[in-house]
Protein chains: 2
Amino acid sequence: MPDYQAPLRDLRFVMDEMLDYPGHYARLPGGEEATPDVVAAILEEGARFSREVLLPLNQSGDREGCLLEGGEVKAPRGFKEAYAQYVEGGWPSLAADPAHGGQGLPHSLAMVLNEMVCSTNLAWGMYPGLSHGAADALRHHGTEEQQATYLTKLVEGTWTGTMCLTEPHCGTDLGLIKTRAMPNDDGSYAVTGTKIFISAGEHDLAENIVHLVLAKLPDAPEGSKGISLFVVPKYLPNEHLPDSDGNPGERNGVTCGSLEHKMGIHGNATCVMNFDSAKGFLVGAPNKGLACMFTMMNAARIGVGIQGLGLTEASFQNSLAYARDRLQMRALSGAKAPEKVADPIIVHPDVRRMLLTQKAFAEGGRMLVLYTAQMIDIVEQGTDADEKARAETLLGLLTPIVKAFLTEVGFEATNEGVQVFGGHGFIQEWGMEQLVRDARITRLYEGTTGIQALDLLGRKVLMSQGESLKAFTREIHKFCQAEEGNSQLAEFVRPLAKLNQEWGEMTMAIGMKAMTDREEVGAASVDYLMYSGYVTLAYLFARAARQAHAALAEGTDEAAFYRAKLDTARFFYQRLLPRTRAHKGALEAGAEPLMAISAEDFGLGFEI
Amino acid sequence: MPDYQAPLRDLRFVMDEMLDYPGHYARLPGGEEATPDVVAAILEEGARFSREVLLPLNQSGDREGCLLEGGEVKAPRGFKEAYAQYVEGGWPSLAADPAHGGQGLPHSLAMVLNEMVCSTNLAWGMYPGLSHGAADALRHHGTEEQQATYLTKLVEGTWTGTMCLTEPHCGTDLGLIKTRAMPNDDGSYAVTGTKIFISAGEHDLAENIVHLVLAKLPDAPEGSKGISLFVVPKYLPNEHLPDSDGNPGERNGVTCGSLEHKMGIHGNATCVMNFDSAKGFLVGAPNKGLACMFTMMNAARIGVGIQGLGLTEASFQNSLAYARDRLQMRALSGAKAPEKVADPIIVHPDVRRMLLTQKAFAEGGRMLVLYTAQMIDIVEQGTDADEKARAETLLGLLTPIVKAFLTEVGFEATNEGVQVFGGHGFIQEWGMEQLVRDARITRLYEGTTGIQALDLLGRKVLMSQGESLKAFTREIHKFCQAEEGNSQLAEFVRPLAKLNQEWGEMTMAIGMKAMTDREEVGAASVDYLMYSGYVTLAYLFARAARQAHAALAEGTDEAAFYRAKLDTARFFYQRLLPRTRAHKGALEAGAEPLMAISAEDFGLGFEI
């Protein structure tokens with residue numbers, strides 16, 4: 001069975017040494033409670049919970065899956081009890097506003113814990129995971145009454161939330177939704193329609209489920225301008241009934257029609273949800289549901305990026321253990337463990353290439369998430385307007401990178417994990433193939449990689465005339481300038497400065513091309529996103545290297561840790577960063593090689 | 001449910017127009033029977049069989065899996081009947097030697113049919129699939145009596161074969177095997193040990209199963225020099241019993257201990273096989289089992305490459321159909337199907353990028369397999385010694401590329417298929433995720449990608465002082481020279497000539513480095529293999545483009561087909577070939593970034 005240790009030392013490196021989280025928290029209104037001691041205690045408790053409670057349920061949950069019986073969904077054995085412990089431990093309320101019963105700690109802290117959950121049991125993590133998006137939507141767009149009724153329960157964790165967007169005929173293109181909301185006499189709405197792919201749409205972990213549902217009002221304009229958001233609880237809270245005590249009351253007209261059979265995350269209930277004149281309440285203004293939806297989506301997208309990171313770390317740790325243990329062949333340069341029948345496979349350079357790829361993506365991904373998490377803290381809790389505006393811009397730019405890049409490389413990393421195990425990687429018992437199957441969904445849900453790439457290049461970068469990108473490349477440029485004379489860092493700073501400049505120039509060139517042909521944006525998008533991800537990680541690895549050199553120069557009894565960090569940064573620069581050449585080459589070829597062939601002619605090799 | 005049409009038009013293009021298969025068959029001793037009419041009839045019948053018989057059993061086989069009861073394995077419903085039809089149709093004997101009951105048609109023809117089997121039901125295809133390796137070993141190394149007893153039954157298909165190599169503690173490093181063979185008084189051996197991952201090790205499709213087993217004689221030298229090969233039948237044929245009629249007789253001491261639970265190919269029984277003083281017969285000389293094993297392995301490796309190709313084609317066809325059908329968003333450059341609620345997603349450049357990636361790997365892989373298949377024909381049936389020697393060299397070089405490159409890109413292509421389907425790709429019902437799960441094993445079995453890469457760079461290229469590579473690069477060089485003045489082809493020939501030269505220079509540079517540090521071979525190997533795969537496909541696409549231009553110049557009523565071929569070649573050159581830059585950059589960084597970190601320090605981020 002796979003094991004897991006929360007990467008506490010690496011977290012401390014990134015948070016305390018590299019990104020000055022103690023200072024960040026001290027400056028953050030409400031963040032002063034997150035003292036280093038408190039943070040350390042919370043992380044240790046999270047490490048314990050994820051390893052001792054969630055990890056043992058990961059393989060069994062995958063094997064058992066969920067059961068739909070008489071309209072009720074049973075999550076796998078142990079999931080309900082683990083969730084009860086989670087609620088009892090106060091985890092759901094950690095970063096929520098005290099006004100809604102939260103503990104008021106910074107959001108970034110919840111994100112760190114989320115990595116641990118994703119490393120140990122992604123399917124379980126999706127039950128509380130969707131609550132954040134629902135809570136965010138209510139926090140930003142709900143009425144005071146809605147917040148009192150639903151948000152406090154979501155914060156407590158006694159109720160969970162869902163996001164009901166997708167329908168059978170539309171996922172990306174939500175303008176096409178058919179779910180209708182007819183006004184009732186009492187100010188509520190009767191919501192009718194079918195939603196699919198609803199994660200945790202129905203389950204037995206919580207008392208009640210709060211569905212955030214996109215639907216159309218009778219007089220709604222066509223397309224995405226006519227979408228409204230509704231809150232539709234599984235059980236109507238008692239305040240909507242004559243004898244109000246706020247607890248779940250009458251069963252609402254929303255039911256789980258069936259469960260999807262999926263490639264992975266078997267322990268999570270992916271539901272078809274039927275709304276049959278279900279009582280719903282408008283959230284935000286009529287026909288402004290798309291904006292509310294983006295509030296949910298952005299949090300969810302970062303969350304999915306963290307899933308990619310969590311799975312990367314889990315796969316890395318277990319393939320590392322296997323590579324140290326499995327004896328097979330001798331090193332090409334001569335026996336390394338002559339006392340054994342063969343050398344452990346970690347001596348082989350290609351096994352090391354795979355392990356280092358996982359390691360670099362785990363550590364690089366962690367830096368990216370924690371860097372982004374600071375922006376979220378500032379956007380959510382900051383007070384300085386300039387700082388907030390800058391954080392918002394950077395967050396907008398980084399969100400699609402976090403989501404798509406970390407899930408793309410997470411899929412690669414979990415596959416490297418299988419590869420390190422050889423044939424055993426394909427066998428369920430070892431747990432490595434589950435990580436691949438679970439990782440596969442992360443490239444798809446909350447907007448595919450293609451959709452993230454369009455968001456990055458089209459919406460964020462080009463629509464801001466490149467300004468959002470410049471907010472970031474200026475920071476990288478400053479870093480490179482500051483370290484220009486640092487010969488120890490030259491191996492990182494020189495290639496980084498070149499790439500950073502190239503990033504801007506390449507963006508300009510795409511923008512120019514897009515002025516005459518809009519298809520150039522889509523044609524460049526995914527390669528552009530991947531390129532951006534590599535450059536972003538290069539920047540963060542250069543900062544990590546600076547930190548490691550500083551620690552070594554100061555003197556430390558953890559020299560091996562800092563040297564390993566430098567080795568990982570070097571591996572990333574020398575063996576992974578060349579991939580930017582492939583992405584640049586491909587995207588510079590532009591739209592022509594994609595658009596030349598007609599839709600009819602694609603299949604002429606077999607359609608005869 | 002996924003559909004499938006055998007790519008008969010594309011096969012005709014590659015076989016008849018590009019690689020002159022009619023001429024090749026006419027020159028091949030025994031090949032004269034493979035007239036264009038016969039070949040066309042066989043391919044059409046194969047297309048029908050795979051689509052009508054195998055495809056309907058693919059999803060049900062995945063869901064049902066295999067059942068072990070009382071030592072007997074039941075394959076999924078319908079598998080046995082499909083196999084009976086396969087035997088009745090004479091498919092197993094197609095390319096076998098008439099001396100053993102075969103039809104004597106060229107091997108390449110069986111390989112083409114194999115692509116169709118792999119596209120429609122990989123798990124089923126693994127039952128007859130392993131027989132080829134077993135038959136090859138007996139054909140090359142078996143005694144006349146062994147051939148009469150076992151080979152004729154394998155050729156008929158009434159018996160199937162296995163390759164029993166792997167043990168729990170060793171797969172790659174077969175020198176470590178523990179299975180023993182003790183001489184019996186009658187010249188046979190008592191084989192005792194446990195083999196794992198034995199595909200089709202036990203099942204109910206055939207009367208008898210012929211296991212080819214690696215084991216050690218009592219006095220065997222240590223390591224891989226002490227391995228011998230044995231044939232161990234499930235039922236001892238009657239000739240080994242007093243009243244001989246050659247039919248299966250007494251049950252031998254070889255049993256299936258358990259079935260593995262796997263990520264994919266659920267319909268195939270992957271068995272733990274226990275040999276308990278099972279009666280076995282030595283094949284080839286004592287302690288020379290490794291050479292016999294390579295005879296089995298080489299055929300099997302090409303077969304696995306074809307699996308990668310088959311899955312690529314299956315995924316491509318179904319995602320193409322979906323992309324034409326699914327309506328979502330408008331094209332960025334304006335509505336393309338204004339009469340519909342949205343445009344079919346095939347209008348979007350990034351969807352086209354994914355489809356074209358699949359298409360290029362399917363068509364490129366097919367060219368590579370058919371090019372390699374001609375070498376196999378010549379090695380097996382040719383008479384000209386020089387031609388045979390050259391074919392053998394090229395076959396040795398191309399085998400690891402076919403195996404590893406086509407499975408690596410096959411995994412990518414099946415994943416692109418899931419991606420085109422969006423969230424639906426993750427749902428079992430659509431069948432796209434099964435292709436990914438089935439494809440995942442192809443990167444592992446019969447030698448992982450890492451092992452293939454060492455075979456290519458270490459054993460084939462460097463051990464021949466680069467001569468085996470030169471045999472191929474010279475051919476490419478000649479092609480480029482011949483087309484130097486062809487301005488129509490310049491877009492292909494110029495980059496190809498450059499790459500071809502670079503390939504040789506890069507190889508030299510690795511060879512030089514390897515002289516001082518053997519680890520440089522392993523450090524470069526996988527990137528070298530992938531680089532080699534892209535250049536090889538570039539060569540074949542350039543030839544395809546030449547053929548397409550020639551057909552267009554001649555005048556044809558299939559102009560759309562040839563223009564689509566040119567479009568695909570251009571896509572490959574412009575959007576996929578830049579990946580060589582990433583591989584070159586990574587491998588030129590050498591071993592240092594892989595070897596610097598110590599095995600102990602890998603885990604310092606979490607091991608505290």
Side-chain angles (χ1 to χ4, degrees), chain A residues 5 7 9-10 171-173 176 197 260-263 320 328-329 332-333 341-342 346 348-350 352-353 422-423 426-428 433 441 444 448 450 518-519 522-523 525-526 560-561 564 567 570-571 574-575 578-579 581-582 585-586 589 591 593-594 596-597 599 601-606 608, chain B residues 5 7 9-10 171-173 176 197 260-263 320 328-329 332-333 341-342 346 348-350 352-353 422-423 426-428 433 441 444 448 450 518-519 522-523 525-526 560-561 564 567 570-571 574-575 578-579 581-582 585-586 589 591 593-594 596-597 599 601-606 608:
Chain A
Q5 298 285 350
R9 180 64 189 94
D10 197 51
T172 298
D173 195 354
L176 302 177
F197 300 164
E260 303 285 0
H261 296 102
K262 315 183 293 289
M263 183 183 189
L320 173 59
Q328 209 79 171
M329 309 301 279
L332 288 176
S333 54
V341 294
I346 199 169
H348 304 306
D350 192 59
R352 291 174 151 259
R353 177 187 62 78
F426 196 65
I427 306 298
Q428 289 176 3
E433 61 86 38
I441 188 61
L444 296 165
T448 62
R518 293 280 295 146
E519 302 296 1
S525 59
V526 167
F561 174 83
D567 288 334
R570 282 188 194 112
F571 170 82
Q574 295 181 41
R575 305 254 348 178
R579 295 180 183 185
R581 300 307 88 203
L594 304 180
I597 187 169
D601 293 350
F602 259 93
L604 291 179
F606 61 92
I608 47 164
Chain B
Q5 298 285 352
R9 181 63 191 92
D10 198 50
T172 298
D173 194 355
L176 301 178
F197 300 163
E260 303 285 0
H261 297 100
K262 314 183 295 288
M263 183 182 189
L320 174 59
Q328 209 79 172
M329 311 299 281
L332 288 176
S333 53
V341 294
I346 199 169
H348 304 307
D350 192 59
R352 291 172 151 259
R353 179 187 61 79
F426 196 64
I427 306 299
Q428 290 176 3
E433 60 86 38
I441 188 60
L444 297 165
T448 61
R518 294 282 293 145
E519 302 296 0
S525 58
V526 167
F561 174 83
D567 287 334
R570 280 187 196 114
F571 170 82
Q574 295 181 41
R575 304 250 355 174
R579 295 182 182 184
R581 301 306 88 203
L594 304 180
I597 188 169
D601 294 351
F602 259 92
L604 291 177
F606 62 92
I608 48 165

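Naming: A, B, ... by sequence-line order, numbering from 1 per chain.
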Any sub-3.5 Å donor-acceptor pair from [X]'s side-chain atoms to [Y]'s backbone N or O?
X        : Y        : value
B:Gln328 : A:Thr172 : yes
B:Arg352 : A:Ala591 : no
B:Asp173 : A:Met329 : yes
B:Arg9   : A:Leu604 : no
A:Glu519 : B:Ser333 : yes

Checking heavy atoms, do the side chain of B:Leu176, its backbone, both or neither come under 4.5 Å from chain A?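 It is the side chain, since no backbone atom gets that close.
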
B:Ile597 versus chain A, heavy atoms under 4.5 Å apart: side chain, backbone, both or neither?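 Both parts, backbone and side chain.
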
Can you tell me which of [options] forms the most heavy-atom pairs within a distance under 4.5 Å of chain B?
options                                : value
A:Met263, A:Glu260, A:His261, A:Arg581 : A:Met263
A:Gly450, A:Ser525, A:Gly422           : A:Gly422
A:Gln428, A:Arg518, A:Gln574, A:Gln5   : A:Gln428
A:Pro349, A:Gly171, A:Ala582           : A:Pro349
A:Ala586, A:Pro7, A:Gly585             : A:Ala586

Quick check: closest heavy atoms across A:Arg575 and B:Ala523, and the distance to 0.1 Å?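 Closest approach of A:Arg575 to B:Ala523, heavy atoms only: NH2-O, 3.0 Å.
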
Measure the [atom1]-[atom2] distance between [X] and [Y] for me, rounded to the nearest 0.5 Å.
X        : Y        : atom1 : atom2 : value
A:Arg579 : B:Arg579 : CZ    : CZ    : 10.5 Å
B:Leu594 : A:His348 : CG    : NE2   : 13.5 Å
A:Leu444 : B:Glu433 : CG    : CD    : 11.5 Å

A:Ile441 versus chain B, heavy atoms under 4.5 Å apart: side chain, backbone, both or neither?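 Its backbone and side chain both get close to chain B.
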
With only heavy atoms counted, which part of A:Phe197 is less than 4.5 Å from chain B, the side chain, the backbone, both or neither?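 Just its side chain gets close to chain B.
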
Between chain A and each of B:Val341, B:Asp10, B:Ile427, count heavy-atom pairs under 4.5 Å; write down the option with the most.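 That would be B:Ile427.
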
So which of B:Ala342, B:Gly522, B:Ala596, B:Ala564 has the biggest tally of heavy-atom pairs under 4.5 Å with chain A?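 Top count of heavy-atom pairs under 4.5 Å with chain A: B:Gly522.
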
